[in-house]
Amino acid sequence: MAGQYPPPMVEPITTPQHYVPPSARDLRSQAVHRLQVGAFGLCAMLLLVGLANIITDRVDRNTDQADPIHEVVAVDARPKKAASDPLADIGVVPASDPTPTPTPTVTAAPRPAPMQSGEAAPLVDQ
């Protein structure tokens with residue numbers, strides 16, 4: 001292997017290698033690494049959710065206040081055209097009535113006058 005530049009970091013494998021099970025120390029370090037990654041991910045998610053909550057609270061707080069530019073835009077805006085139903089215009093479907101019809105109200109029967117002491121109760125048809 002002389003003459004190679006850069007020199008190889010690991011010597012090439014020339015013989016078959018046998019499986020070596022991981023030691024207790026290797027297993028423990030893998031478990032600790034998994035716990036660290038999981039805890040870091042959990043903390044990152046909590047921070048992201050907290051930041052999103054702060055942003056939405058600030059946006060809600062700012063939209064509650066009256067913005068004077070909305071009044072100017074509302075004055076300068078063109079009046080909106082009344083909504084039309086193109087199918088009703090060409091006669092495919094019946095036209096809908098934009099004004100609601102008043103519904104009849106049911107009135108209750110008048111209450112009987114309060115009884116004086118010693119009077120018989122009036123009969124009420126129901």
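Please read these numbers as outputs of a predicted model, since none were measured by experiment. Worth knowing before you read on, the calculation uses all heavy atoms, side chains too, and leaves out hydrogens, waters and symmetry mates.
Atoms CG and CG, on L51 and L47 in that order, are 8.5 Å from each other to the nearest 0.5 Å.
For N53, the side-chain contact (heavy atoms from CB on, under 4.5 Å) partners at least two apart in sequence or on another chain are T56, D57. Partners of T14 according to the side-chain contact (heavy atoms from CB on, under 4.5 Å) rule, which considers only residues two or more places apart in sequence or in another chain, do not exist here.
Listed by chain and number, the hydrophobic cluster partners of M45 are L48, where partners are ILVMFWY side chains within reach of under 4.5 Å, directly or through others.
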